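One structure below.
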Amino acid sequence: MLLIDLARTSAAVAADSARLAKIRHLAELLGRVEPDEAEIAIAYLSGELPQRAIGVGWAGLQDPPDPRLAATATLRQVNGLLDQIKAQVGPGSQAARKALITELFSAATRQEQTFLARLLRSELRQGALDGVMIEAIAKAAEVPVAEVRRALTLRGWLPAVGAAALNGGVEALRAFHLEVGRPVSPMLAQSATSVAAALGKIGGLAAVEWKLDGVRIQVHRSGETVTVFTRTLDDITAQVPEVVEAVGALSSQDLVLDGEVIALRPDGRPEPFQITSGRVSSRADVAGAREKTPLSVFFFDALRVDGADLLELPGESRHAALTGVVPAELVTPRLVTGETATAEEFYKDAVRGGHEGVVVKSPQAPYAAGRRGAGWIKVKPRHTLDLVVLAAEWGHGRREGRLSNLHLGARDPLTGGFVMLGKTFKGLTDELLAWQTERLLELSDGPADSWTVTVRPELVVEVAFDGVQQSSRYAGGMALRFARVLRYRSDKSAEQADTVETVRALML
DNA sequence: TTCCGACAGTGGGGTCGCAAT
DNA sequence: ATTGCGACCCCACTATCGGAA
C-alpha cells in the first residue's frame with residue numbers, strides 16, 4: 001500500500017465531522033490493506049508509530065525539503081526509514097536523523113508531507129484516534145466491537161490487535177489473554193468535585209481509598225522475575241528496586257498488581273511530586289538515589305493472582321484477592337462505607353496527611369482496562385486565586401485565531417508589579433475565548449513576539465489549581481499546578497488581585 | 001426528544017537523558 | 001559545563017457525536 005492512500009484517507013477523515021463517516025473512511029482503507037502492512041496502517045491512522053518514539057519532534061521537522069510530484073512511497077519503505085531513524089544513537093546521531101528525515105520527506109508529495117509531519121508531531125488532528133479506530137477495525141474485519149475492545153484490554157497495543165482482527169477474525173482476537181510480563185492499559189478514574197458527589201455517582205456502598213501523589217505502576221511477577229510498568233506501559237523495573245524486592249518477597253509467584261510508588265519523608269508524609277518523579281525517572285546511580293530518596297509502594301488492585309485472571313471480577317473480589325497475597329502495610333489505606341460523613345472524614349484525613357485526595361470506587365465494577373471507567377471517581381481539594389492576565393498566546397488547531405493560553409500573575413505589593421505564576425488554557429468556552437481575544441487585543445501593548453500578545457495588567461481572572469510547586473522557570477520561584485480558568489472577575493481591578501505572599505503561604 | 005457516555009483536542013509544569021555547543 | 005530537545009511523569013477541561021433513555 002502507498003503512503004498517499006493513508007494521507008488521502010486521513011484528509012477525508014478530517015474533513016467529515018461525523019464519527020460514523022470517519023469510521024467508514026478508515027474501514028474502507030483497512031479493507032484493502034495487505035496483511036503484512038495492516039499493523040503499520042493502523043498505527044499511522046490512529047496517530048502512533050510502530051516504533052513508539054523515534055527521537056524526532058517539532059524542532060527536527062523544521063524546513064522540510066521540496067515535495068515531489070509523484071506519490072510512490074510505500075508503507076514498508078516509510079516504516080523502514082522510521083526504523084533507521086530510531087536506530088541512530090551516539091555522536092552524530094542528530095545529523096544522521098536529520099538526513100534521514102530529509103530523505104523521507106524528499107520522497108513524499110505535499111499531501112504526504114503534511115500527513116507525516118502531523119504523525120511525527122503526534123498531532124494528527126483528524127478527529128480519530130484509538131477510540132474511532134477500534135470501531136473501524138471491527139467494521140473492516142466484520143467482528144463485534146466488543147471483541148476488539150476485549151483483545152485490546154489484554155494486549156494493550158491496538159495495531160497488533162487490529163492486524164489480528166483483519167487477518168484472523170474473531171478467532172485471532174479470542175486468542176489474546178492476560179500474559180504475565182505483558183502490560184495491560186491501566187484503568188483510569190473520572191473526577192467529582194466532592195466526596196458526596198462521588199458517592200452519589202457510585203450509589204450505595206463504596207470503597208474510599210487514599211489518592212497518593214506518586215507514579216502509577218503495574219507490577220508483574222512470574223516466578224522470580226518481577227517487571228514494573230508505568231501508566232504508558234514503559235518498563236521502569238531498573239529504576240524501582242524497592243518495588244522489585246517488595247513483590248519478590250511475596251509468597252505468590254504469579255501476580256499482576258496495580259499500585260503507586262511514592263517517595264515519603266521519614267515522618268511518613270509525602271515528598272512533593274517533583275521528588276518522586278525525579279527519583280522514578282532517574283536511571284543513573286539508582287543505588288545512590290535510593291539512599292537519598294527511598295521509594296514506598298502501595299497496591300490497590302490485583303488483575304491476576306496465582307493463575308486466576310481477575311479483570312472481570314467485581315472490585316471487592318479483586319481487592320479481597322489483593323489483601324490475600326499482599327501484607328496490609330503495602331495496601332493503599334481504604335475504607336468501605338455508605339455514609340457520606342464517614343467518607344468525608346476519611347478524605348479530610350488523607351488531605352491532612354499531605355495526600356492528593358481520595359478515589360471512590362464501586363464495589364461491583366470490573367477492571368475497565370484502558371478506560372476512564374465510571375467505577376472509579378477521584379476527589380481532590382481545589383484552591384482558587386484571583387490573578388491578573390499579563391499576556392496571552394495565540395492558539396492552535398480549533399483555537400487558531402483566538403488568544404488562548406493566558407500568562408497569570410500575582411500582585412507584588414513590594415514593587416507594585418506582578419509576578420508570573422504560570423499559564424493556563426483550560427476551562428475556556430468558545431464564547432469566553434472569543435470574548436477574551438477581543439478584550440485582550442484592546443489591552444495589548446504590542447506583541448512580544450509572533451505568538452504572544454502582552455497586555456496592560458488590568459484583567460482579573462479567577463483560577464482554580466491543585467497546589468503550588470517550586471519552579472526554576474518563573475522569577476517568583478513558584479508555579480501553579482494544573483491551573484484552569486473559572487471565570488473573569490470583571491468586578492475586580494488588578495489592585496484587588498491576590499498577592500505573591502498569599503501564594504507563597506500555600507507552598508509551605 | 002432529550003440526556004449523557006466516550007472521545008478527541010488543547011495545551012500546562014517538572015524531570016531526566018542525550019547530543020551538541 | 002551548559003543548553004536545547006525529546007520523551008514521559010503528573011494532568012483539567014470543553015465540544016461533539018451518537019447511542020441510551
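Quick note on labels: first sequence line is chain A, next is B, and so on, each numbered from 1. As the structure is a prediction and not an experimental result, all values here were calculated from the model.
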Next on the checklist: Looking only at the side chains, is there a donor atom on one of Gln126(A) and Ser10(A) sitting less than 3.5 Å from an acceptor on the other?
Outcome noted: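 There is such a pair between these side chains.
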Of the listed nucleotides ([options]), which one gets closest to any side-chain atom of [X]?
| X | options | value |
| --- | --- | --- |
| Val132(A) | dG11(B), dA8(B), dG14(B) | dA8(B) |
| Trp58(A) | dG13(B), dG6(C), dT10(B) | dG6(C) |
| Arg398(A) | dA12(C), dG9(B), dG6(C) | dG9(B) |
| Pro91(A) | dA20(B), dC11(C), dG19(C) | dA20(B) |
| Glu356(A) | dC8(C), dG13(B), dC11(C) | dC11(C) |
| Ser93(A) | dG12(B), dA19(B), dG6(C) | dA19(B) |
| Phe482(A) | dA19(B), dG14(B), dC10(C) | dC10(C) |
| Lys378(A) | dT10(B), dG13(B), dC11(C) | dC11(C) |
| Thr230(A) | dG11(B), dC17(C), dC9(C) | dC9(C) |
| Ala53(A) | dC9(C), dA7(C), dA19(B) | dA7(C) |

Checklist entry - If you measure from the Lys or Arg side-chain nitrogens to the Asp or Glu carboxylate oxygens, is any gap between Arg402(A) and Asp430(A) under 4.0 Å? => result no
Checklist entry - Does a salt bridge link Lys423(A) with Glu393(A), judged by any charged N lying under 4.0 Å from a carboxylate O? => result yes
Checklist entry - Is the CD atom of Glu312(A) crowded by more than 12 outside heavy atoms at less than 6.0 Å? => result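 At most 12 heavy atoms, drawn from other residues, nucleotides or ligands, come within 6.0 Å of this atom.
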Checklist entry - With a cut-off of 6.0 Å (strictly less than), are more than 12 heavy atoms of other residues, nucleotides or ligands near CD of Glu501(A)? => result yes
When you check the phosphate oxygens OP1 and OP2 of [N], does a side-chain N or O of [X] lie under 4.0 Å from one of them?
| X | N | answer |
| --- | --- | --- |
| His396(A) | dG9(B) | no |
| Thr232(A) | dC9(C) | yes |
| Ser191(A) | dC13(C) | no |
| Gln94(A) | dA19(B) | no |
| Lys211(A) | dC11(C) | yes |
| Arg125(A) | dT10(B) | yes |
| Gln126(A) | dG9(B) | no |
| Arg283(A) | dC16(B) | no |
| Ser404(A) | dG11(B) | yes |
| Ser277(A) | dC10(C) | no |
| Asn405(A) | dG12(B) | yes |
| Arg149(A) | dC7(B) | yes |

Just call it for [X]: base, sugar-phosphate, or nothing, with non-hydrogen atoms closer than 4.0 Å on any strand.
| X | result |
| --- | --- |
| Ala464(A) | nothing |
| Ala483(A) | nothing |
| Glu123(A) | nothing |
| Val485(A) | nothing |
| Ser17(A) | sugar-phosphate |
| Asp130(A) | sugar-phosphate |
| Ala128(A) | sugar-phosphate |
| Val56(A) | sugar-phosphate |
| Glu135(A) | nothing |
| Lys423(A) | sugar-phosphate |

[X] [atom1] - [N] [atom2] separation (whole Å):
| X | N | atom1 | atom2 | answer |
| --- | --- | --- | --- | --- |
| Lys380(A) | dC13(C) | NZ | C1' | 12 Å |
| Arg97(A) | dG4(C) | CZ | C1' | 13 Å |
| Ile275(A) | dG14(B) | CD1 | P | 13 Å |
| Leu428(A) | dT14(C) | CG | C1' | 9 Å |
| Arg231(A) | dC8(C) | CZ | P | 13 Å |
| Asp234(A) | dT15(B) | CG | C1' | 15 Å |
| Lys86(A) | dA7(C) | NZ | C1' | 10 Å |
| Arg216(A) | dC9(C) | CZ | P | 12 Å |

Next on the checklist: side chain to side chain contact (heavy atoms under 4.5 Å, CB included), that's the test. Do Lys139(A) and Glu28(A) meet it? Break it down for me.
Outcome noted: CA-CA 9 Å; Lys139(A) 187 176 172 74; Glu28(A) 187 276 326; over 6 Å; no
Item to check | Value rounded to 0.5 Å, distance of CG in Leu480(A) from CZ in Arg484(A) | outcome: 10.5 Å
Checklist entry - Hey, what do you get for CG (Leu403(A)) to OG (Ser444(A)), rounding to the nearest 0.5 Å? => result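 It comes to 9.0 Å.
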Checklist entry - Closer to the 5' end of DNA chain C via nearest nucleotide, is it Ile54(A) or Asp430(A)? => result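 Here Ile54(A) is the residue nearer the 5' end.
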Checklist outcome for this item: Assign each of Ala18(A) and Arg481(A) the nucleotide of DNA chain C bearing its closest heavy atom; nearer the 5' end lies the nucleotide of Arg481(A)
Checklist entry - Partner of dC11(C) by Watson-Crick or G-U wobble geometry, both contacts under 3.5 Å, or none? => result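 Check on dC11(C): paired to dG11(B), both distances under 3.5 Å.
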Next on the checklist: Is the distance between the ring centroids of Trp435(A) and Tyr488(A) under 6.0 Å?
Outcome noted: yes
Checklist entry - Mapping Gly127(A) and Arg19(A) onto DNA chain B by nearest heavy atom, which one lands closer to the 5' end? => result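 On the 5' side of the pair lies Arg19(A).
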Checklist entry - Starting at the 5' end of DNA chain B and moving along, which residue's nearest nucleotide shows up first, Gly90(A) or Arg473(A)? => result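 Result: Arg473(A).
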